[in-house]
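Written below as structure tokens is the structure these notes are about.
As the structure is a computational prediction, the values presented were derived from the model and not from experiment. We use all heavy atoms of the structure for the numbers below, so side chains are in, but hydrogens, waters and symmetry mates are not. Convention: sequence-line order gives letters A, B, ...; per-chain numbering from 1.
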Amino acid sequence: NAGVTQTPKFQVLKTGQSMTLQCAQDMNHEYMSWYRQDPGMGLRLIHYSVGAGITDQGEVPNGYNVSRSTTEDFPLRLLSAAPSQTSVYFCASSYGNAETQYFGPGTRLLVL
Amino acid sequence: GENVEQHPSTLSVQEGDSAVIKCTYSDSASNYFPWYKQELGKRPQLIIDIRSNVGEKKDQRIAVTLNKTAKHFSLHITETQPEDSAVYFCAAKGGLTGGGNKLTFGTGTQLKVEL
């Protein structure tokens, strides 16, 4: 039981490049979410999903896209990276709602 | 939407002393309040949570209290140990009108337990 996994662990992008951050969970959780963590700003919700085929925006969705084609996977796409997207990104999952969320190990992203 | 404020941003205590971290929230319909601990370079991990129908919850050396009228909740750590040193985040889950499927986090408290 791997829990919540994220790849890559670290990534460097140039401004304007695109990439996908991967997130997977093997706990059969319906709820999955993406947060970004910046110094002094806590964890801010980017997008979330309450089940396969259903996604919604969080607090800071601009510049990010998500999809949820399976229960296990919830990828986060950056269409055109900007330096303001330099951050640590955490994926999390829970059973039926936003409670008792289990976090992945995080992806550190640097946009030059 | 929900707004969560957390204080203090840093807290230094002597080993064995108690530590208290306080949070306020804005959405009176919020009904779930977790606390997460994040050690340096690690992922946040849930350490305790409380629901709006409960005033206090304890788990060994940690406890959380909730005052719904004042819309604030607190984390209490007794007999602090060096391994308690970490960043602690409070959060609130909004009511149906404020986002019943969203957690809003506070900005974190860096707790340092000194020997």
Side-chain angles (χ1 to χ4, degrees), chain A residues 2-7 9-10 21 23-25 27 29-52 54-61 66 68 74 87-108, chain B residues 1-10 21 23-27 29-54 57 59 64 86-110:
Chain A
V4 181
T5 58
Q6 292 182 237
T7 56
K9 291 183 180 180
F10 180 70
L21 281 63
C23 174
Q25 52 88 12
M27 298 176 282
H29 285 171
E30 291 294 326
Y31 184 93
M32 295 186 75
S33 54
W34 276 102
Y35 297 89
R36 60 176 290 173
Q37 184 174 31
D38 303 292
M41 301 187 75
L43 294 149
R44 293 183 291 168
L45 182 65
I46 305 171
H47 286 286
Y48 67 98
S49 169
V50 298
I54 306 170
T55 64
D56 205 348
Q57 295 182 350
E59 183 184 357
V60 288
V66 292
R68 183 94 179 271
F74 191 44
S87 187
V88 179
Y89 291 85
F90 286 100
C91 177
S93 71
S94 64
Y95 279 105
N97 49 37
E99 300 179 8
T100 317
Q101 292 195 40
Y102 294 86
F103 282 81
T107 294
R108 187 174 296 273
Chain B
E2 176 69 276
N3 182 49
V4 177
E5 295 190 357
Q6 182 172 347
H7 300 281
S9 57
T10 61
I21 303 170
C23 289
T24 61
Y25 60 97
S26 61
D27 183 357
S30 289
N31 54 20
Y32 173 73
F33 308 91
W35 286 87
Y36 285 81
K37 175 183 180 182
Q38 185 178 29
E39 297 177 351
L40 187 63
K42 301 289 183 62
R43 72 190 79 187
Q45 292 192 301
L46 179 71
I47 57 172
I48 195 167
D49 56 13
I50 192 168
R51 298 182 188 282
S52 57
N53 60 347
V54 176
K57 183 177 179 181
D59 183 3
V64 58
V87 178
Y88 292 81
F89 292 98
C90 64
K93 192 179 93 164
L96 290 178
T97 56
N101 283 315
K102 300 178 186 179
L103 273 186
T104 300
F105 283 82
T107 51
T109 296
Q110 174 75 61

What part of A:Y102 gets closer than 4.5 Å to chain B, counting heavy atoms only: side chain, backbone, both or neither? neither
Side chain, backbone, both or neither: which part of B:P34 has a heavy atom under 4.5 Å from chain A? neither
Side chain, backbone, both or neither of A:V4 within contact of chain B (heavy atoms, under 4.5 Å): backbone
Just give me the residue among A:A92, A:G106, A:G42 that pairs up with chain B most often, heavy atom to heavy atom, under 4.5 Å. A:G42
List the atom of B:Y36, the atom of A:Q101, and the distance in Å for their closest heavy-atom pair. OH-N, 3.1 Å
I'd like to verify something: which residue of A:G58, A:G104, A:P39 has the highest number of heavy-atom pairs under 4.5 Å with chain B? A:G104
What part of A:S94 is in contact with chain B, defined as an atom under 4.5 angstrom from a non-hydrogen atom: side chain, backbone, both or neither? neither
Taking A:Y31 for the side chain and B:N101 for the main chain, is one N or O donor matched with an acceptor at less than 3.5 Å? yes
Options A:E59, A:M41, A:E99, ranked by heavy-atom pairs under 4.5 Å with chain B, top entry: A:E99
Smallest heavy-atom separation, B:P44 atom then A:F90 atom, equals CD-CE2, 3.8 Å
Is B:L40 atom CG crowded by more than 12 heavy atoms from other residues, nucleotides or ligands, each under 6.0 Å away? no
Counting heavy-atom pairs under 4.5 Å with chain A, which one of B:K42, B:Q45, B:R51 comes out on top? B:R51
Does B:L103 offer a backbone N or O that forms a donor-acceptor pair with the side chain of A:Y48 under 3.5 Å? no
So, the part of A:L43 with a heavy atom under 4.5 Å from chain B: the answer is both
Quick one: what part of A:Q57 sits under 4.5 Å from any heavy atom of chain B, side chain, backbone, both or neither? backbone
Given that the side chain runs from C-beta out, which part of B:Q38 has a heavy atom under 4.5 Å from chain A: side chain, backbone, both or neither? side chain
Tell me, yes or no, whether the heavy-atom count around A:R44 atom CZ, taken from other residues, nucleotides or ligands under 6.0 Å, exceeds 12. yes
Given a strict heavy-atom distance threshold of 4.5 Å, which part of A:F103 is in contact with chain B: side chain, backbone, both, or neither? both
Exercise: identify the closest heavy-atom pair between A:A98 and B:K102: CB-N, 4.1 Å
